[in-house]
Enquirer: 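This is the structure I have questions about; it appears just below.
The residues of the chain are indexed from 1 along the displayed sequence.
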Amino acid sequence: MSASLSGKQILIVEDEPVFCSLLDGWLKSLGATTRTAGDGIEAIEQMARQAPDLLICDLAMPRMDGLKLVEHLRSQGDQTPVLIISATENMSDIASALRLGVQDVLLKPIKDFDRLRETVLACLYPVMFNSRVEEEERLFQDWDALAHNPSAAVQLLKELQPPVQQIISHCRVNYRQLTAGDTPGLVLDIAPLSDNDLAFYCLDVSRAGDNGVLAALLLRALFNHLLQDHLSRQNQRLPEMGAILRQVNQLLRQANLQGQFPLLVGYYHSTLNNLLLVSAGLNATLNTGEHQVQLSNGVPLGTMNSTHFNQISQRCSAWQCQVWGAGGRLRLMLSSD
């Protein structure tokens, strides 16, 4: 890859000395020229003297926090790319940052520095990278308008549905969907996490009214970030999918989205041929050619504070999964190359 940090000016806004020093040294080792600031006020002072190519910013800081800093910059017409690195898991903070037009949000602790490098490069060279940054900005920059215009939210969700056939992480993936009329039912999203693993989820939006569509848009923007962060903390071991479901349940509550959200999530590693499926409210049948396994539905997210789900794990190089609920029926098929 020809993209480089050589000659790039990066301002690190971070009040935690150890992490600030670690990040500073790491960026310099990649060729970047760096400066540091302890809070938003100091950052504004430094930017007045010299504009950086990229701002890497924490959220929780004294005097002026990260959200207020980005809000100030955008109000002044400053479109400097911003990467948020924060320990927050508060949905409202993440949504506010994306609404303000930051390029990406990563959660501490950072353990996967290869992914961090890719994210920094994507912020500096957005045209060269196939990422969801523009999609996330689109979802959040008009969030209030979408919340008050259900038909626009439905149309956006339809536009964001994945192609019915594609190759992801060395796997050939396709799906077929059956829903009643034009009303949204089962919503699918599937995306690569690396060259060898992918994640997907199926959400039934029919049991939460307009909130179901909004929940699907939120999940589309944030689900893969949550799973990637979980994998980096587990040193690339197979993810504990129940923990992901509990986190999604918490995010839905923090976003004040009321209703029932039947959800099935999955993870597949194409080299190890490991498939994990966990359901909170959707029925599923997995067929691997050698085995057919029934996955009972569990309890939909949003029903209660705790989550009650069912999980299965299989080793297989090809499989089909039938998923169904009140919103319709869907068949997802995968074969590894």
Side-chain angles (χ1 to χ4, degrees), residues 89-96 98-99 135-136 138-162 177-190 199-227 241-266 277-284 295-311 323-330 332:
E89 293 185 0
N90 188 309
M91 181 66 190
S92 61
D93 286 346
I94 295 172
S96 296
L98 291 170
R99 277 201 299 266
E135 182 176 297
E136 292 171 2
R138 182 183 178 191
L139 291 179
F140 285 97
Q141 67 186 357
D142 295 322
W143 182 255
D144 292 336
L146 290 172
H148 291 89
N149 188 344
S151 61
V154 169
Q155 182 59 36
L156 177 58
L157 184 60
K158 289 180 178 179
E159 293 174 5
L160 295 176
Q161 287 299 280
Q177 191 169 16
L178 178 63
T179 57
D182 295 329
T183 304
L186 296 183
V187 172
L188 176 72
D189 189 24
I190 180 167
F200 56 92
Y201 65 83
C202 184
L203 176 69
D204 186 347
V205 303
S206 67
R207 293 173 60 178
D210 296 337
N211 283 344
V213 174
L214 294 175
L217 292 174
L218 286 175
L219 274 177
R220 183 168 178 89
L222 299 175
F223 178 79
N224 289 332
H225 288 318
L226 296 177
L227 190 50
M241 301 299 285
I244 301 296
L245 277 183
R246 287 188 288 270
Q247 193 168 11
V248 170
N249 199 40
Q250 181 182 9
L251 293 177
L252 291 171
R253 293 177 62 237
Q254 289 173 342
N256 199 30
L257 292 177
Q258 305 295 322
Q260 292 189 342
F261 305 96
L263 177 69
L264 178 140
V265 298
L277 289 175
V278 55
S279 177
L282 286 175
N283 293 289
L295 180 62
S296 55
N297 52 13
V299 178
L301 300 187
T303 306
M304 54 188 69
N305 292 343
S306 59
T307 55
H308 297 270
F309 51 84
N310 292 296
Q311 177 172 313
V323 185
W324 68 94
R329 184 177 293 266
L330 180 145
L332 177 64

Enquirer: Just how far is it from atom CD of Q177 to atom CZ of R329, taken to the nearest 0.5 Å?
Expert: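 Between atom CD of Q177 and atom CZ of R329 there are 12.5 Å.
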Enquirer: What heavy-atom pair brings G328 and L186 nearest, and what distance separates the two atoms?
Expert: O-CD1, 3.4 Å
Enquirer: So how far is it from L219 CG to Y201 OH, rounded to the nearest 0.5 Å?
Expert: 5.0 Å
Enquirer: Looking only at non-hydrogen atoms, find the nearest pair between S206 and A326 and report the distance.
Expert: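 Of all heavy-atom pairs spanning S206 and A326, the closest is OG-C, 3.8 Å.
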Enquirer: Is a donor from one side chain sitting under 3.5 angstrom from an acceptor on the other, for N249 and Q247?
Expert: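 Short answer, no.
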Enquirer: Does any part of the side chain of L332, heavy atoms only, come nearer than 4.5 Å to the side chain of V323, both counted from C-beta?
Expert: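 The answer is no, as the side chains (C-beta and beyond) never meet within the 4.5 Å cut-off.
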Enquirer: Verify side-chain contact (heavy atoms from CB on, under 4.5 Å) between I244 and V278, making sure each step is shown before the conclusion.
Expert: CA-CA 10 Å; I244 301 296; V278 55; over 6 Å; no
Enquirer: Is it the case that the side chain of N211 and the backbone of Q258 share a donor-acceptor pair, with hydrogens and angles ignored and the cut-off at 3.5 Å?
Expert: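 A pair under 3.5 Å: yes.
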Enquirer: Mind checking what makes side chain to side chain contact (heavy atoms under 4.5 Å, CB included) contact with A216, not counting sequence neighbours?
Expert: L157, V187, L203, V205
Enquirer: Step by step, work out the side-chain contact (heavy atoms from CB on, under 4.5 Å) result for L264 and W324.
Expert: CA-CA 10 Å; L264 178 140; W324 68 94; over 6 Å; no
Enquirer: Closer than 3.5 angstrom, by distance alone: can the side chain of S279 be matched with the main-chain N or O of N297 as a donor-acceptor pair?
Expert: yes
Enquirer: Which heavy atom of Q260 sits nearest to which heavy atom of A208, and what is that distance?
Expert: O-CB, 3.6 Å
Enquirer: Can you tell me how far apart CZ (F261) and CG (L245) are? Round to the nearest 0.5 Å.
Expert: 13.5 Å
Enquirer: Among all residues two or more places apart in sequence or in another chain, which pass the side-chain hydrogen bond (donor to acceptor under 3.5 Å, both in side chains) test with Q311?
Expert: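 Scan of Q311 (side-chain hydrogen bond (donor to acceptor under 3.5 Å, both in side chains), adjacent residues dropped) gives none.
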Enquirer: Measure the CG-CG distance between N256 and L214 for me, rounded to the nearest 0.5 Å.
Expert: 11.0 Å
Enquirer: Quick one: are V265 and V248 in side-chain contact, heavy atoms under 4.5 Å?
Expert: no
Enquirer: Name all residues meeting the side-chain hydrogen bond (donor to acceptor under 3.5 Å, both in side chains) criterion together with D210; count only those two or more places apart in sequence or in a different chain, and write none if there are none.
Expert: none
Enquirer: Taking the side chain from D204 and the backbone from L282, do they hold a donor-acceptor pair closer than 3.5 Å?
Expert: no
